[in-house]
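I have placed the structure first, in the form of structure tokens, so that the comments after it can refer back to it.
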There are 2 protein chains.
Amino acid sequence: MSCRREKEGSEWEGRFRGCGYRWTLSRQAIIEALSSTSDHMSAEEVYNAVQKKHSSIGLATVYRTLEILVGMAVVLSFDFGDKRARYELAERFSKKDHHHHLVCNDCGKVVEYTEFIGDEIELLNKTEKGLSKKYNFKIDNHVIQFYGLCKKCQ
Amino acid sequence: MSCRREKEGSEWEGRFRGCGYRWTLSRQAIIEALSSTSDHMSAEEVYNAVQKKHSSIGLATVYRTLEILVGMAVVLSFDFGDKRARYELAERFSKKDHHHHLVCNDCGKVVEYTEFIGDEIELLNKTEKGLSKKYNFKIDNHVIQFYGLCKKCQ
DNA sequence: ATTGATAATGAGAATCAATATCAATAAGGA
DNA sequence: TCCTTATTGATATTGATTCTCATTATCAAT
């Protein structure tokens with residue numbers, strides 16, 4: 001086992017314990033699964049991925065852990081219109097740049113675009129500030145998504 | 001019955017028949033229910049509202065009709081994070097101005113804001129155009145929403 | 001290393017919004 | 001009025017997610 005892996009392990013461990021959670025094999029495996037793909041996995045897909053190495057981990061544990069990770073803002077949960085939550089590591093834990101999503105209503109294909117993000121973020125921040133003040137909300141999250149038909153499905 | 005009501009009835013009838021659908025009492029009642037509130041009703045809430053005047057209309061019909069209305073772009077469907085679809089009449093069929101939503105993650109309160117819409121729309125249109133070209137998508141829908149905690153829930 | 005409090009877990013049952021089935025009914029053109 | 005067929009209500013079913021509960025694992029204190 002490499003030095004790097006140990007270091008990563010203890011970072012995650014620290015993050016969990018810092019939030020009052022224990023550090024367990026299941027949690028490690030689930031984070032590994034999320035880290036090792038660029039897909040937007042559903043809970044069941046995470047379960048299947050995790051099963052390959054650790055067949056004893058149950059589906060309920062996957063759901064519970066994902067809930068915790070979302071609460072820790074380590075994982076983001078998305079709704080792409082296919083009737084199940086889909087998960088992806090938050091920007092700072094992933095290799096991906098900040099992006100938003102463009103979803104095909106027919107085949108479900110998801111494009112992660114980064115091209116127009118700059119202006120979007122800027123506007124979102126401004127709007128967020130305005131909304132916070134006017135409506136007394138403490139805003140901690142936003143969604144921007146586009147829906148349509150991809151080339152094939154048009 | 002007023003002249004206006006008759007006229008509205010036939011407008012809706014025309015819209016349905018123009019799409020190859022029949023015009024039925026159930027559909028009329030469901031549209032009335034959607035028109036007579038500013039809430040974001042769930043399918044079950046629409047069902048309850050409709051039941052008061054037409055107790056024979058079934059829940060399945062409500063779901064089916066809402067699906068059709070969404071397909072006709074008469075009704076918009078939203079996900080506010082409470083695990084059920086919520087519906088509202090599209091802008092051109094409602095008294096409301098174009099707005100986006102700000103949702104409390106705790107109590108579920110939904111604020112419809114219109115203040116910052118101008119810039120948002122402009123940016124969305126621009127982004128939409130850029131995405132269409134670059135990714136060959138025919139975009140027909142977008143979502144912008146903010147999530148946080150309202151004053152009470154902070 | 002052992003212990004004890006308790007957090008986490010797996011298996012499976014339960015929940016609940018949404019969808020599918022199917023026989024009966026209603027819409028609307030001929 | 002008749003006929004075709006879309007629509008409907010009742011109800012069963014699905015499928016993602018959550019809950020329950022007995023068992024196990026974590027980890028701070030010993």
Side-chain angles (χ1 to χ4, degrees), chain A residues 9-10 12-31 33 40-72 74-75 77-87 105 108, chain B residues 9-10 12-31 33 40-72 75 77-87 108:
Chain A
S10 64
W12 283 112
E13 179 172 353
R15 224 179 315 268
F16 269 79
R17 302 180 78 142
C19 294
Y21 297 115
R22 293 178 180 174
W23 179 239
T24 69
L25 177 65
S26 306
R27 288 167 181 180
Q28 187 176 334
I30 289 165
I31 285 175
H40 309 91
M41 286 195 284
S42 65
E44 194 169 5
E45 285 167 354
V46 173
Y47 171 69
N48 290 332
V50 157
Q51 282 277 308
K52 288 176 188 163
K53 291 209 170 189
H54 307 277
S55 62
S56 72
I57 295 176
L59 181 58
T61 297
V62 172
Y63 273 103
R64 286 184 289 232
T65 303
L66 287 170
E67 187 184 7
I68 288 175
L69 289 169
V70 170
M72 292 166 69
V74 164
V75 163
S77 166
F78 291 97
D79 167 23
F80 293 147
D82 63 348
K83 300 268 156 64
R84 79 207 61 191
R86 295 199 164 267
Y87 302 90
N105 279 323
Chain B
S10 66
W12 283 113
E13 179 172 353
R15 225 179 313 269
F16 268 79
R17 302 180 76 146
C19 294
Y21 297 115
R22 293 178 181 175
W23 180 239
T24 69
L25 177 64
S26 307
R27 287 166 183 181
Q28 188 176 334
I30 288 165
I31 284 175
H40 308 93
M41 287 194 284
S42 66
E44 194 167 6
E45 285 167 353
V46 173
Y47 171 70
N48 290 333
V50 156
Q51 282 275 308
K52 288 177 189 164
K53 291 208 171 190
H54 308 277
S55 61
S56 72
I57 294 176
L59 180 58
T61 297
V62 172
Y63 273 104
R64 285 184 289 232
T65 304
L66 287 171
E67 187 184 8
I68 288 175
L69 289 169
V70 169
M72 292 165 69
V75 164
S77 166
F78 291 97
D79 167 22
F80 294 146
D82 63 348
K83 301 267 156 62
R84 78 206 62 193
R86 296 198 165 267
Y87 301 90

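Within every chain, numbering begins at 1; the chains are lettered A, B, ... in the order of the sequence lines, protein sequences first and strands thereafter.
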Interface with DNA chain C, restricted to residues 51-71 of chain B and to heavy atoms under 4.0 Å: B:A60, B:Y63, B:R64
What's the [atom1]-[atom2] distance between [X] and [N], to the nearest Å?
X	N	atom1	atom2	answer
A:E13	D:dT26	CD	C1'	11 Å
A:E45	D:dA16	CD	P	10 Å
A:R86	D:dT17	CZ	C1'	15 Å
A:L25	D:dT24	CG	P	17 Å

Spatial distance of atom [atom1] ([X]) from atom [atom2] ([Y]) [nearest 0.5 Å]:
X	Y	atom1	atom2	value
B:Q51	B:L59	CD	CG	9.0 Å
A:S77	A:L69	OG	CG	11.5 Å
A:W12	A:Q28	CH2	CD	11.5 Å
A:Y47	A:S42	OH	OG	12.5 Å

Axis bend over the full length of the helix from C:dA1-D:dT30 to C:dA30-D:dT1, computed from five pairs that close each end, to 10 degrees: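 Roughly 40°, once rounded to the nearest ten degrees.
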Check: A:T61 side chain, A:I57 main-chain N or O, donor-acceptor pair, under 3.5 Å: no
Donor-acceptor pair, side chain of B:R17 and main chain of B:R15, under 3.5 angstrom: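 Between the backbone of B:R15 and the side chain of B:R17 there is no qualifying donor-acceptor contact (under 3.5 Å).
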Salt bridge (charged side-chain N to carboxylate O under 4.0 Å, His left out) contacts in which one or both residues fall within residues 41-59 of chain A, not counting sequence neighbours: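 Sorted result for residues 41-59 of chain A: A:E45-A:R86.
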A:S42 side chain near D:dA16 phosphate (N/O to OP1/OP2, under 4.0 Å): no
Phosphate OP1/OP2 of D:dA25: any A:T24 side-chain N/O under 4.0 Å: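 False: A:T24 side-chain N/O out of range (4.0 Å or more) of D:dA25 OP1/OP2.
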B:Y87 and B:V70: CA distance, side-chain angles, deciding distance, side chain to side chain contact (heavy atoms under 4.5 Å, CB included) verdict: CA-CA 9 Å; B:Y87 301 90; B:V70 169; 4.0 Å; yes
Range on DNA chain C touched by chain B - first to last nucleotide, heavy-atom distance under 4.0 Å: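 Boundary nucleotides touching chain B, in 5' to 3' order, are C:dA17 to C:dG29.
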Test side chain to side chain contact (heavy atoms under 4.5 Å, CB included) applied to A:Y21 - qualifying residues, sequence neighbours left out: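 If we apply the side chain to side chain contact (heavy atoms under 4.5 Å, CB included) test to A:Y21, skipping adjacent residues, the hits are A:F16, A:C19, A:R27, A:I68, A:M72.
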Among A:I30, A:V50, A:V46, A:I31, the one residue meeting side-chain contact (heavy atoms from CB on, under 4.5 Å) with A:T65: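 Only one option passes, and that is A:I30.
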First encountered from the 5' end of DNA chain D, between A:R17 and B:Y21: B:Y21
B:F80: partners by ring-ring contact (aromatic ring centres under 6.0 Å, His included), with sequence neighbours left out: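 For B:F80 the ring-ring contact (aromatic ring centres under 6.0 Å, His included) partners, ignoring immediate neighbours, are B:H40, B:F78, B:H101.
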Sugar-phosphate, base or nothing in reach of A:R84, heavy atoms under 4.0 Å: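 Sugar-phosphate contact only - A:R84 comes under 4.0 Å of backbone atoms but never of a base.
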